[in-house]
Q: 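My structure is below; once you've seen it, I'll send some questions.
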Protein chains: 2
Amino acid sequence: MKNRTRQAIIDAAIDLLAGNPACSLGDIAAAAQVGRTTLHRYFAERADLLAAVGAEGGERLVRAATLADLERGTGAEALLRLCREYFDLGSLLSLMFSGQGGECWDSQDEQFLVRVIERGHNDGSIDPQLPADWVLSLLWSQLYAAWAYLGERKDSSRHQVLDLLTRTLANALAPGRS
Amino acid sequence: MKNRTRQAIIDAAIDLLAGNPACSLGDIAAAAQVGRTTLHRYFAERADLLAAVGAEGGERLVRAATLADLERGTGAEALLRLCREYFDLGSLLSLMFSGQGGECWDSQDEQFLVRVIERGHNDGSIDPQLPADWVLSLLWSQLYAAWAYLGERKDSSRHQVLDLLTRTLANALAPGRS
DNA sequence: CCGCGATGGAACAACTGTGTTCCACTACGA
DNA sequence: TCGTAGTGGAACACAGTTGTTCCATCGCGG
């Protein structure tokens with residue numbers, strides 16, 4: 001099963017690189033339960049593996065965005081649905097946030113999200129005083145915070161943390177009560 | 001001026017480590033406009049430099065917390081003042097957030113902040129449904145987001161970004177409008 | 001049973017970062 | 001002028017990572 005092995009390597013790479021972007025290929029190979037030789041057989045250079053990880057990450061992001069059905073409801077509702085889908089991406093979040101997210105983040109996708117936020121500006125569900133790119137920064141940083149929070153405190157359930165995340169994010173984006 | 005050199009090295013280390021926690025000592029020495037030999041003369045091992053950076057970071061954090069005068073006003077007001085002070089710490093934020101913040105983060109300081117947040121729970125300025133440690137995660141993640149946002153978009157002024165940060169953080173912490 | 005694809009291990013050279021030693025240079029005060 | 005503290009450069013050995021080559025092993029279908 002060639003694809004099997006390839007996928008195992010990419011999955012392990014995502015997990016390890018999320019925690020330590022400078023981790024060695026030997027560590028990744030070990031985590032994937034694969035010899036370092038085999039890893040090099042699939043990805044000749046480190047850069048090749050990073051590219052594959054970036055591509056995989058990009059796919060997962062697009063898939064999550066599709067699942068979120070961003071056209072439906074108000075801008076804020078769509079963004080919160082996206083937030084829930086992204087939260088399920090797990091350690092990929094750390095990789096996008098701390099690592100070189102530029103590798104897999106398509107500016108086309110970003111433009112799409114900006115339009116969703118602007119929809120929220122117009123329908124009154126997102127404070128128009130918050131620029132769209134600031135809202136995106138906020139989304140990513142809170143996603144990362146929630147993921148890290150879940151990792152540190154094993155006693156809180158995934159659902160509880162997701163609830164905190166959506167509550168604070170929704171509040172942060174809501175227009176003032178004036 | 002021995003202290004002069006030492007401080008230049010630490011400052012350069014904070015700036016460079018914030019961007020790349022795995023950067024080489026040679027890079028840090030160059031950024032500090034100091035020979036690598038001199039760097040090793042002040043900090044025999046890499047760990048020694050990291051410890052000094054941690055100590056410096058801890059001092060700056062405590063100083064910022066003191067300036068914020070956390071005993072005054074409601075819990076939320078105190079936290080927002082702290083946020084403003086922390087924002088001025090600049091690249092140190094990245095180091096605390098992405099890097100091994102555990103090096104300089106004193107659990108005693110953390111307990112103090114937890115009490116401030118609990119004060120906010122009691123005086124009605126912070127949503128009691130948000131656990132104190134989640135509020136802290138939120139504070140750090142939004143601080144980091146704001147700092148990164150400012151770094152990417154040189155056209156937005158420090159004041160504008162700080163305004164966005166305090167607005168969204170204040171909203172996120174506010175109790176529900178029910 | 002044989003061949004073949006996939007794999008893992010061992011060994012290697014090249015490179016980078018680290019820590020050390022030694023020597024030369026400069027500034028400054030006695 | 002001399003001595004000394006602070007510094008920088010060159011060179012070295014050492015360790016870890018990387019990329020490569022070669023060979024041995026395992027499973028499976030012909």
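Within every chain, numbering begins at 1; the chains are lettered A, B, ... in the order of the sequence lines, protein sequences first and strands thereafter.
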Q: Whole-Å distance between dG16(D) P and Asn20(A) CG?
A: 16 Å
Q: Please enumerate all protein N or O atoms sitting under 3.5 Å from an N or O of nucleotides 26-28 of chain D, with distances to 0.1 Å.
A:
none

Q: For nucleotides 13-27 of chain C, read 5' to 3', which letter fits each nucleotide if B means a protein heavy atom sits under 4.0 Å from the base, S means only the sugar-phosphate is that close, and - means neither?
A: ----SBBB-------
Q: With heavy-atom distances below 4.5 Å as the criterion, would you say the side chains of Trp147(B) and Leu150(B) are in contact?
A: yes
Q: Should we say atom CD of Glu110(A) is surrounded by more than 12 heavy atoms from elsewhere, each under 6.0 Å from it?
A: yes
Q: May I ask you to verify if any side-chain N or O of Tyr42(A) is less than 4.0 angstrom from the OP1 or OP2 atom of dA6(C)?
A: no
Q: Could you tell me which non-hydrogen atom of Val135(A) sits nearest to which non-hydrogen atom of Ile117(A), and how far apart they are?
A: CG1-CD1, 3.7 Å
Q: Check this for me, if you would: do Asp88(A) and Arg84(A) make a salt bridge, where the nitrogen-to-carboxylate-oxygen distance has to be below 4.0 angstrom?
A: no
Q: Taking NZ, NE, NH1 and NH2 as the nitrogens, is one of them in Arg60(B) or Asp11(B) under 4.0 Å from a carboxylate oxygen of the other?
A: yes
Q: Would you say a side-chain N or O of Thr38(A) is under 4.0 Å from OP1 or OP2 of dA6(C)?
A: no
Q: Pairs in or reaching into residues 151-162 of chain A: which pass side chain to side chain donor-acceptor pair (under 3.5 Å), with residues at least two apart or in two chains?
A: Arg153(A)-Asp133(B)
Q: Measure from CG on Leu39(B) to P on dG6(D) and round the result to the nearest Å.
A: 16 Å
Q: If only atom types and distance count, is the side chain of His121(A) paired as donor or acceptor with the main-chain N or O of Leu130(A) below 3.5 Å?
A: yes
Q: Specify the separation, in whole Å, of atom CD1 of Ile28(A) and atom P of dT17(D).
A: 12 Å
Q: What is the distance from CZ of Arg4(A) to P of dT7(C), rounded to the nearest Å?
A: 12 Å
Q: Between Tyr149(A) and Trp134(B), how do the two ring planes meet: parallel, tilted or perpendicular, split at 30° and 60°?
A: perpendicular
